[in-house]
Amino acid sequence: MRARNAALALALTLIACDGPGNVGKPTPDPTLVRDVPWLNGVLPALDATGNAVVPDLPVYPEIASGEIDVGSQRIDCTPLAQVTFSTGWFDTFEPNDPSDPTRTGLAPGWASYDDLTKYSFHVPGDATWYPGLAPGGTNTFDWAWGLPAEKTPGPSCNGVRNDWVMHYRGGLYRKWGGGVSHAFVDPVGKYCTLDKDGTPDNDFCPPTPGPNDLVDSAGLPVGPRPGVDYQQSHGFFDVSSYDGIAFWARRGPEGFDRALVIVTDKFTSSRLARENQKFCRRYRECHTKCLSGSPCSPDDPNSKTPIYRCFDPKQGPLPAIAIDSQMDLMYPRCGPSACTSPQTYVDLDFDGDQCRPYSFPANDESGEYCFNPGDPPPPDRDDRCQDGWQVSVPLTPDWQFYALPFEQFEQVGFGKRAPYMDLKSLDTIAFGAVMGWSDMYFDNVTFYRRKK
């Protein structure tokens, strides 16, 4: 076991040496590439027919030394007596029919991400990416998209079985980390629909703007200009009647021992600033060259408008991948296409821009960003979005209950300073990991009120 763990540690830190002697050339573990085909800076493995290899079901590769996770050994339910929970948003990650063995738990509307450290990974991917979760074209999950949950014991304080939890694993992160995020209104139509009398069906749903309104209840423009709709949803929750965010969490034995809980509002959200940028300015990083070192090649050399992606045409044509988000992770856009977005999520603020290098005047930050000659440069920290409101919480190997009051959340300081946290326009929540290995479990995520 000791020798096996040492070998796993070597493979998962992805340091293997080619040729005679130590030439210092790192290569990724082939097994990891097949388990996580969107491994950063690595092209997916191909099968005999030239298609990208994707695992049928989510795989959670071992991290660090490969220590086995024995699970939570104890649970303290006493804090639940002090709070009540939202019934309209309560993510249990269980199937709608837990008694049906063919159904898979899901975190609807949740997505995973990381900092693009070369050879690092994050799992799981979206449920729609795994063929085994849609055998014969019929999904085993209850919503159109989201992170597949893992079937493992979760916390239970009422005797009801809890079989599915949201599990995020990844690393080794050397920049800023990774995590999972959820726009509250996703999937669209799940939470804020209107009853027969025209009123919202949940107490966190803001009023619908009238036909002649130019701004919504948060003061955001209802469209980029009068009479024109946004390309994407700008929905949000009004949680001003709640006291904070509640959830259960734990970590694996070798995951980092803290997590960031982050929420954004109208003052800090890049999503709500799309096509208006009223309260903060957006910026978009891009990459003209490929992290994998592969050529930046047109997907269809015969097309007048090809999409340039990271792949080597000498190895064969670009594999066909129907889902845009999966294709963009496995074969990232680059070069002339670095600032384009898929048709399923058009971004008019940057589509068609050039990916150009830029160094900020203070010389403390530089990179490649989407902007054209003559355009204003990317915003500096005093103007940019995404410095959301966050709290750092400790994680232990046992399930712990957290009830975080909104007044504990603070900005970090890498974006525009907001005058206050606007609880009438909360739009996104994220659980973030910092540098190192991450192995985080979450369950029963919701809003709470303190009992009087």
Side-chain angles (χ1 to χ4, degrees), residues 9 12-15 32 36 38-41 60-67 69 107 110-125 147 150 165-183 244-245 247-264 268-270 283 285 291 329 364-367 381 384-402 404 406 408-418 421 428-443 445:
L12 286 171
T13 51
L14 304 169
I15 303 300
L32 184 59
V36 189
W38 46 89
L39 188 74
N40 292 332
Y60 295 86
E62 293 174 317
I63 61 172
S65 71
E67 184 177 345
D69 187 352
W110 289 81
S112 53
Y113 60 90
D114 68 47
D115 64 9
L116 296 182
T117 298
K118 192 168 185 177
Y119 300 147
S120 68
F121 72 89
H122 70 262
V123 290
L147 293 181
E150 184 178 35
V165 305
M166 182 170 63
H167 182 192
Y168 175 88
R169 180 177 285 175
L172 182 66
Y173 302 134
R174 301 185 184 278
K175 298 179 183 177
W176 46 261
V180 292
S181 66
H182 172 50
I245 302 284
F247 58 93
W248 289 84
R250 61 176 294 267
R251 64 172 175 85
E254 297 186 285
F256 192 70
D257 63 358
R258 300 195 73 84
L260 300 176
V261 186
I262 310 160
V263 293
T264 57
T268 59
S269 169
S270 178
Y283 69 103
E285 293 188 73
L291 186 63
L329 266 187
D364 61 346
E365 188 177 4
S366 63
R381 291 187 178 94
R384 68 176 60 161
C385 305
Q386 287 308 101
D387 184 10
W389 305 88
Q390 65 179 262
V391 174
S392 174
V393 298
L395 298 180
T396 72
D398 295 317
W399 284 110
Q400 302 270 347
F401 175 72
Y402 301 84
L404 305 179
F406 288 125
Q408 285 187 3
F409 287 73
E410 296 181 338
Q411 289 181 276
V412 175
F414 58 79
K416 187 174 182 179
R417 179 60 60 184
M421 184 179 181
T428 302
I429 182 173
F431 294 114
V434 295
M435 292 187 292
W437 293 109
S438 178
D439 196 12
M440 308 183 294
Y441 299 77
F442 300 96
D443 207 1
V445 188

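Just so it is clear, the model here is predicted, and its values are computed rather than measured. Residues take their numbers from the sequence shown, with the count starting at 1. These values consider heavy atoms only, across backbone and side chains, with no hydrogens, waters or symmetry-generated copies.
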| task | Indicate yes or no: does R251 engage D439 in a salt bridge with an N to O separation below 4.0 Å. | result |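 No salt bridge links R251 with D439.
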Does [X] reach the side chain of [Y], with side-chain heavy atoms less than 4.5 Å apart?
| X | Y | result |
| --- | --- | --- |
| V261 | F247 | yes |
| L395 | M440 | yes |
| H182 | T428 | no |
| F409 | V263 | yes |
| V445 | Y402 | no |
| Y173 | V434 | no |
| W110 | I429 | yes |

| Pairwise salt bridge (charged side-chain N to carboxylate O under 4.0 Å, His left out) hits with a residue in residues 385-398, at least two apart |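 Pairs touching residues 385-398 that pass the test: R74-D398.
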Closest non-hydrogen atom pair, [X] against [Y]:
| X | Y | answer |
| --- | --- | --- |
| Y283 | C385 | CE2-O, 4.3 Å |
| W389 | A418 | CZ2-CB, 3.5 Å |
| R258 | S392 | NE-OG, 2.7 Å |
| W437 | G171 | CZ3-C, 3.5 Å |
| V123 | P61 | CG2-CD, 4.0 Å |
| D115 | S120 | OD1-OG, 4.3 Å |

Flag, side chain of [X] to backbone of [Y], donor-acceptor distance under 3.5 Å:
| X | Y | value |
| --- | --- | --- |
| K175 | M435 | no |
| Q386 | S270 | yes |
| E254 | S65 | yes |
| Y441 | W248 | no |
| E150 | M166 | no |

| field | Candidate pair H122 and L329, rule side-chain contact (heavy atoms from CB on, under 4.5 Å), full reasoning | value | CA-CA 11 Å; H122 70 262; L329 266 187; 4.2 Å; yes
| message | Test of understanding: with salt bridge (charged side-chain N to carboxylate O under 4.0 Å, His left out), list the residues that count as partners of R381, not counting sequence neighbours. | response | D364, E365
| field | Qualifying residues under salt bridge (charged side-chain N to carboxylate O under 4.0 Å, His left out), relative to D69, sequence neighbours excluded | value |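 D69 satisfies salt bridge (charged side-chain N to carboxylate O under 4.0 Å, His left out) with R250 only.
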| query | Is there a side-chain contact (heavy atoms from CB on, under 4.5 Å) between L116 and W176 once you walk through the steps? | reply | CA-CA 9 Å; L116 296 182; W176 46 261; over 6 Å; no
| task | For the pair Y119 and L32, evaluate side-chain contact (heavy atoms from CB on, under 4.5 Å) and give the outcome as yes or no after the intermediate values. | result | CA-CA 10 Å; Y119 300 147; L32 184 59; over 6 Å; no
| field | Derivation of the side-chain contact (heavy atoms from CB on, under 4.5 Å) call for S112 and L147 | value | CA-CA 8 Å; S112 53; L147 293 181; 3.8 Å; yes
Spacing of [atom1] belonging to [X] relative to [atom2] belonging to [Y], to within rounding of 0.5 Å:
| X | Y | atom1 | atom2 | result |
| --- | --- | --- | --- | --- |
| L39 | K118 | CG | NZ | 10.5 Å |
| L172 | D114 | CG | CG | 11.5 Å |
| Q390 | Q411 | CD | CD | 9.5 Å |

| query | When you check the side-chain N and O atoms of R174 and T117, is any donor under 3.5 Å from an acceptor? | reply |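 Not at all, the side chains of R174 and T117 share no donor-acceptor pair under 3.5 Å.
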| said: Between H167 and Y60, does the ring-ring contact (aromatic ring centres under 6.0 Å, His included) criterion hold? Intermediate values first, please. | reply: CA-CA 9 Å; H167 182 192; Y60 295 86; 4.4 Å; yes
